[in-house]
J.: 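Have a look at the structure that comes next, please.
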Amino acid sequence: MRRKSLMSKILIVDDDNEIRNLIAVYLENEGLETEKAEDAVEALKMLEKKEFDLIVLDIMMPKMDGIEACLKIREERSMPIIMLSAKSEDMDKIKGLAAGADDYLSKPFNPLELIARVKSQLRRYKKYNTETTFEKSVMEIGDLTINTDTRQVWIQKQEIRLTPKEFDILELLARNKGIVLSVAKIYEAVWKNDFYKSDNTVMVHITKIRDKIEDDPKHPIYIKTIWGVGYKI
């Protein structure tokens, strides 16, 4: 029997009591610990007092919708967020991911699919959290070398000069290799401020980084654009 302290703790946020309980039953049957909040305001209060490994967050809720709640959570916390919504339009998915969500599931959903996505996000989160605890000072990705101690970057052993913000963005993407980071997530992690949808600061900096590290900036091999979602290395 697993010790309770080793269980991943999931916060379920949905104004529908039946859905909250259904999700909790399925997750607890998988050995996961759950707590429930009936709206985003209650969830934010719970987050001030407790630590969670993942949040299942409904979009359409009274008092505060899931998009606004996701933005507030991302101001201080990086745990995975899976958004739920009765809407299935692509724009709703894009809004959720742009706000900092890691995954999106439309209602009605298959509980087994939710479980699979929860487990996938938990594995990824725990993996990168563990790696961050023992962060490497030198990262090599193809011909790209990044030294975080000296804040130097090389392409094929030729040093590339980056501004402090450009280096911070490149380091963030490299430490999360393979993971798509939204523009909002990049901005808030690097600038430590709230992100505004009309702000193109991240895009401008990505363009400048590509001009310096890519052989062909229009067809980058390092920093990839995932349209409507964000960037990844």
Side-chain angles (χ1 to χ4, degrees), residues 70-71 74-75 78-83 90-104 117 120-233:
C70 187
L71 288 169
R74 283 292 177 246
E75 290 176 5
S78 60
M79 80 283 281
I81 297 175
I82 298 177
M83 303 205 83
D90 287 341
M91 187 53 63
D92 294 298
K93 179 178 181 179
I94 291 170
K95 286 180 180 178
L97 294 172
D102 298 275
D103 205 348
Y104 183 100
R117 295 195 185 201
S120 175
Q121 290 296 333
L122 285 173
R123 281 195 301 269
R124 184 177 297 173
Y125 179 62
K126 290 180 181 295
K127 173 186 175 184
Y128 283 97
N129 261 16
T130 301
E131 290 181 353
T132 304
T133 305
F134 305 98
E135 289 182 346
K136 297 178 180 179
S137 60
V138 177
M139 293 179 283
E140 295 183 353
I141 303 170
D143 292 326
L144 174 66
T145 303
I146 304 168
N147 187 316
T148 59
D149 285 342
T150 62
R151 294 179 68 83
Q152 291 174 287
V153 175
W154 296 269
I155 289 288
Q156 295 181 342
K157 299 183 179 180
Q158 179 179 350
E159 187 172 356
I160 306 297
R161 299 288 184 179
L162 298 181
T163 67
K165 292 300 185 189
E166 289 168 1
F167 183 89
D168 290 343
I169 292 172
L170 184 62
E171 180 186 358
L172 178 67
L173 291 170
R175 289 207 181 280
N176 292 277
K177 185 175 181 292
I179 298 177
V180 181
L181 299 181
S182 69
V183 171
K185 189 176 292 186
I186 294 170
Y187 183 88
E188 291 172 1
V190 172
W191 276 268
K192 312 298 183 186
N193 282 318
D194 292 342
F195 174 75
Y196 297 96
K197 293 181 181 179
S198 60
D199 196 319
N200 65 351
T201 301
V202 171
M203 182 183 69
V204 171
H205 279 73
I206 293 286
T207 299
K208 290 180 178 178
I209 297 170
R210 282 174 171 162
D211 287 340
K212 295 177 180 180
I213 70 170
E214 301 282 1
D215 286 335
D216 182 0
K218 292 184 179 179
H219 300 90
I221 62 172
Y222 292 108
I223 302 180
K224 302 283 190 180
T225 300
I226 309 302
W227 293 109
V229 183
Y231 300 96
K232 74 171 182 176
I233 283 183

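Residues: numbered from 1 along the sequence shown.
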J.: For atom CG of D215, is the number of surrounding heavy atoms from other residues, nucleotides or ligands below 6.0 Å larger than 12?
T.: no

J.: Listing request: all ring-ring contact (aromatic ring centres under 6.0 Å, His included) pairs with a residue in residues 161-193, at least two apart in sequence or in separate chains.
T.: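 Checked against ring-ring contact (aromatic ring centres under 6.0 Å, His included) - neighbours excluded - the pairs reaching residues 161-193 are Y187-W191, Y187-F195, W191-H205.
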
J.: Please list all pairs passing the side-chain hydrogen bond (donor to acceptor under 3.5 Å, both in side chains) test where one or both residues lie in residues 220-233, with sequence neighbours left out.
T.: R210-T225

J.: Return yes if some donor-acceptor pair links the side-chain N/O of N176 with the main-chain N/O of I179 below 3.5 Å, else return no.
T.: no

J.: From L173 CG over to I223 CD1, what is the distance, rounded to the nearest 0.5 angstrom?
T.: 5.5 Å

J.: At what distance, to the nearest 0.5 angstrom, does CD1 of I233 lie from CD1 of I169?
T.: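 If I round to the nearest 0.5 Å, the distance is 10.5 Å.
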
J.: By side chain to side chain contact (heavy atoms under 4.5 Å, CB included), which residues pair with Q156, not counting sequence neighbours?
T.: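 Expected list: D143.
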
J.: Which heavy atom in I221 sits nearest to a heavy atom in E214, and how many Å separate them?
T.: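 Here I221 and E214 meet closest at N-OE1, 2.9 Å.
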
J.: Are the charged groups of D102 and R74 less than 4.0 angstrom apart, N to O?
T.: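 So D102 pairs with R74 through a salt bridge.
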
J.: About how many Å separate CD1 of I186 and CG of L181, when rounded to the nearest 0.5 Å?
T.: 5.0 Å

J.: Apply side-chain contact (heavy atoms from CB on, under 4.5 Å) to residues Q121 and M79 and explain how you reach the verdict.
T.: CA-CA 9 Å; Q121 290 296 333; M79 80 283 281; over 6 Å; no

J.: Which pairs, with at least one residue in residues 145-169 and sequence neighbours excluded, count as a salt bridge (charged side-chain N to carboxylate O under 4.0 Å, His left out)?
T.: R151-D168, E159-R161, E166-K212

J.: Going by ring-ring contact (aromatic ring centres under 6.0 Å, His included), name the pairs with one or both residues in residues 138-161, residues two or more places apart or in two chains.
T.: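 Sorted pair list comes back empty.
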
J.: Out of curiosity, I81 CD1 to D103 CG, how far, rounded to the nearest 0.5 Å?
T.: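 Reported to 0.5 Å precision, the distance equals 11.5 Å.
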
J.: Taking only residues two or more places apart in sequence, or in another chain, which ones meet E188 in a salt bridge (Lys or Arg N to Asp or Glu O under 4.0 Å)?
T.: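 In terms of salt bridge (Lys or Arg N to Asp or Glu O under 4.0 Å), with neighbours along the sequence ignored, E188 is linked to no residue.
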
